[in-house]
Undergrad: 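Before we start, here is the structure in question, set down as structure tokens.
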Amino acid sequence: MKKLILSNLVHRPMRTLISVVAIAVEVTLILLIVGLSLGILNDNKERTKGTGADILVRPPGSSFISALGGSPVSVKIADVLRKLPHVAAVAPVAAQTSSGGNIEVIYGIDLPSFEALRPFRYVEGGPFHGPDDAIVDDFFAASKKVRIGEQIEILNHNFRVAGIVENGHGARKFIPMETMQALTGAEGKASIFYVRADEGKNADLIVDEIKKVPGMEKYNTMSMREWLSLMTPGNIPGFSAFIKVVVGVAVIIGFIVIFQAMYTAVMERTREIGILKSMGASKLYIVNVIVGETIVLAIGGIICGILISILARGGILAKFPTLRMEMTPTWIMYATVIALIGAVLGGIYPAFKAARKDPIDALAYE
């Protein structure tokens with residue numbers, strides 16, 4: 001049976017190649033799109049955690065997805081927070097989302113208070129020296145080949161790169177808070193407050209104290225631990241639906257291509273199937289041959305898809321170092337199972353159609 005399966009596939013090389021490529025596209029689609037989505041989500045988590053804050057305080061009505069809005073509340077809230085027990089540092093941030101070229105979040109920071117959370121580690125250069133200076137992280141600098149002293153455009157304004165820091169401090173671009181406020185028309189406003197506790201174990205106590213402050217009951221306040229637990233695909237609006245759509249499209253691609261390939265193969269091999277049945281081949285044997293061909297095609301496509309995804313991941317990261325992509329063993333396994341299921345489903349009907357053929361009619365078929 002194994003020899004028969006392989007000979008059938010080799011006998012029709014173009015159809016075999018097209019089927020393998022289609023399965024490879026299915027696997028690649030899943031791994032790349034899901035990998036990019038999860039990579040961006042987890043990168044955001046790690047960079048927010050890397051600020052050194054233990055508590056995040058956002059304005060009333062804001063989403064737990066931090067730093068996506070403007071600067072809606074007074075920066076003086078920071079002075080209120082600094083007076084609370086167990087608070088070691090408070091850093092107000094005026095965050096702004098930019099969609100120029102690609103979607104990114106830019107931080108307007110008060111440098112001393114922001115570094116009180118966790119100091120920058122400078123790769124090159126140093127702190128701001130003026131209102132038109134900027135600090136960027138090493139990923140951004142590498143992707144744009146930016147050096148100290150060069151000009152970059154942020155929010156339609158030219159800035160001089162004063163420092164390049166190690167990545168992992170919340171954003172990839174930082175400008176002075178006053179400059180951000182002026183550019184966005186939000187003087188004296190901040191969009192998020194990062195709070196560091198004197199000890200990590202006191203984070204929940206500080207959250208409770210903040211909620212007791214008159215006027216701050218409705219502020220979106222949570223510990224970093226709680227925020228990290230919420231940043232999962234199931235809690236991000238539309239994220240799970242997006243993943244399901246991607247997987248669904250991939251399954252449909254695999255199903256249609258395999259169904260078409262195997263159905264056509266069965267029609268072309270009507271006489272061959274008649275010969276096999278006249279020689280005593282059972283219906284189960286015929287089904288096993290067709291399904292066996294389907295599984296071999298699927299395995300070939302899966303291997304090619306994984307290899308293409310690995311190569312594409314390397315190319316994407318080389319071209320866009322600021323993008324993160326996760327290709328985990330778990331999702332490789334999911335993609336493998338999904339591709340196999342789609343292929344087998346596509347091959348079942350042609351297999352049973354072949355098994356039901358009458359040997360006499362099949363032998364008479366021209």
Side-chain angles (χ1 to χ4, degrees), residues 17-50 65 101-105 137-144 166-172 227-258 294-346:
L17 178 61
I18 292 173
S19 299
V20 168
V21 170
I23 298 296
V25 169
E26 176 185 1
V27 172
T28 303
L29 178 68
I30 294 172
L31 292 181
L32 289 186
I33 295 182
V34 173
L36 274 171
S37 301
L38 292 176
I40 292 170
L41 173 63
N42 291 329
D43 179 54
N44 181 42
K45 289 171 61 175
E46 290 302 313
R47 285 193 284 128
T48 302
K49 182 181 177 182
I65 304 175
N102 59 292
I103 298 176
E104 60 180 347
V105 178
D137 76 355
D138 50 0
F139 279 0
F140 174 81
S143 67
K144 301 298 182 182
E166 289 186 357
N167 64 86
H169 279 78
R172 299 202 184 281
W227 182 82
L228 290 172
S229 69
L230 289 174
M231 289 295 287
T232 61
N235 288 322
I236 304 298
F239 194 100
S240 293
F242 171 72
I243 297 297
K244 290 176 182 177
V245 169
V246 170
V247 171
V249 170
V251 170
I252 291 172
I253 291 173
F255 173 83
I256 292 176
V257 171
I258 291 296
T294 299
I295 292 174
V296 171
L297 290 173
I299 291 173
I302 289 166
I303 293 172
C304 289
I306 292 172
L307 293 176
I308 292 171
S309 299
I310 292 172
L311 293 174
R313 178 179 180 272
I316 290 171
L317 294 181
K319 183 68 175 178
F320 306 102
T322 57
L323 283 178
R324 299 291 91 192
M325 181 182 292
E326 295 188 2
M327 197 172 295
T328 63
T330 299
W331 268 102
I332 290 176
M333 181 186 70
Y334 285 164
T336 298
V337 172
I338 289 167
L340 278 173
I341 291 174
V344 170
L345 288 176

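Positions are given from 1, in the same order as the sequence printed here.
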Undergrad: Where the side chain of Asn167 meets the backbone of Asp138, is there a donor-acceptor pair that is under 3.5 Å apart?
TA: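 Between the backbone of Asp138 and the side chain of Asn167 there is no qualifying donor-acceptor contact (under 3.5 Å).
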Undergrad: Does the pair Leu41 and Glu326 meet the rule for a side-chain contact (heavy atoms from CB on, under 4.5 Å), with working shown?
TA: CA-CA 10 Å; Leu41 173 63; Glu326 295 188 2; over 6 Å; no
Undergrad: Distance-only check: which donor-acceptor pairs under 3.5 Å involve side-chain atoms of residues 297-315, not counting sequence neighbours?
TA:
from   : atom 1 : to     : atom 2 : distance (Å)
Ser309 : OG     : Gly305 : O      : 2.8
Arg313 : NE     : Met325 : O      : 3.2
Arg313 : NH2    : Met325 : O      : 3.3

Undergrad: What are the two closest heavy atoms between Ala339 and Ile23, and how far apart are they?
TA: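 In terms of heavy atoms, the two residues are closest at CB-CG2, 4.2 Å.
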Undergrad: For Asp43, check salt bridge (charged side-chain N to carboxylate O under 4.0 Å, His left out) against everything at least two apart and list the hits.
TA: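 Once residues adjacent in sequence are excluded, the partners of Asp43 under the salt bridge (charged side-chain N to carboxylate O under 4.0 Å, His left out) criterion are Arg47, Arg172.
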Undergrad: Could you list the residues that satisfy side-chain contact (heavy atoms from CB on, under 4.5 Å) with Ser143, not counting sequence neighbours?
TA: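 Expected list: Phe140, Pro321, Thr322.
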Undergrad: What residues form a salt bridge (charged side-chain N to carboxylate O under 4.0 Å, His left out) with Glu46, not counting sequence neighbours?
TA: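 Glu46: no salt bridge (charged side-chain N to carboxylate O under 4.0 Å, His left out) contacts found.
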Undergrad: Decide side-chain contact (heavy atoms from CB on, under 4.5 Å) for Lys45 and Asn42; before the verdict, give the C-alpha distance in whole Å, the side-chain angles of both, and the deciding distance to 0.1 Å.
TA: CA-CA 5 Å; Lys45 289 171 61 175; Asn42 291 329; 3.7 Å; yes
Undergrad: Taking the side chain as everything from C-beta on, heavy atoms only, tell me whether Thr336 gets closer than 4.5 Å to Val27.
TA: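 Side-chain contact under 4.5 Å: no.
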Undergrad: Check ring pair (Phe, Tyr, Trp, His ring centres under 6.0 Å) between Tyr334 and all other residues, then give those that pass, not counting sequence neighbours.
TA: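 Checked Tyr334 against ring pair (Phe, Tyr, Trp, His ring centres under 6.0 Å); matches are Trp331.
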Undergrad: Let me confirm one number: the CE-CG distance from Met327 to Leu36, rounded to the nearest 0.5 Å.
TA: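 It is 8.5 Å, given to the nearest 0.5 Å.
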Undergrad: Report the distance from atom CD of Glu166 to atom CZ of Phe139, rounding to the nearest 0.5 Å.
TA: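 So the gap between those two atoms works out to 10.0 Å.
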Undergrad: Once side-chain contact (heavy atoms from CB on, under 4.5 Å) is applied, do any residues pair with Val245, and if so which ones, sequence neighbours excluded?
TA: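 By the side-chain contact (heavy atoms from CB on, under 4.5 Å) rule, Val245 matches Val249.
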Undergrad: Would you say Lys49 has more than 12 foreign heavy atoms packed within less than 6.0 Å of its NZ?
TA: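 Atom NZ in Lys49 is not crowded, with 12 or fewer foreign heavy atoms closer than 6.0 Å.
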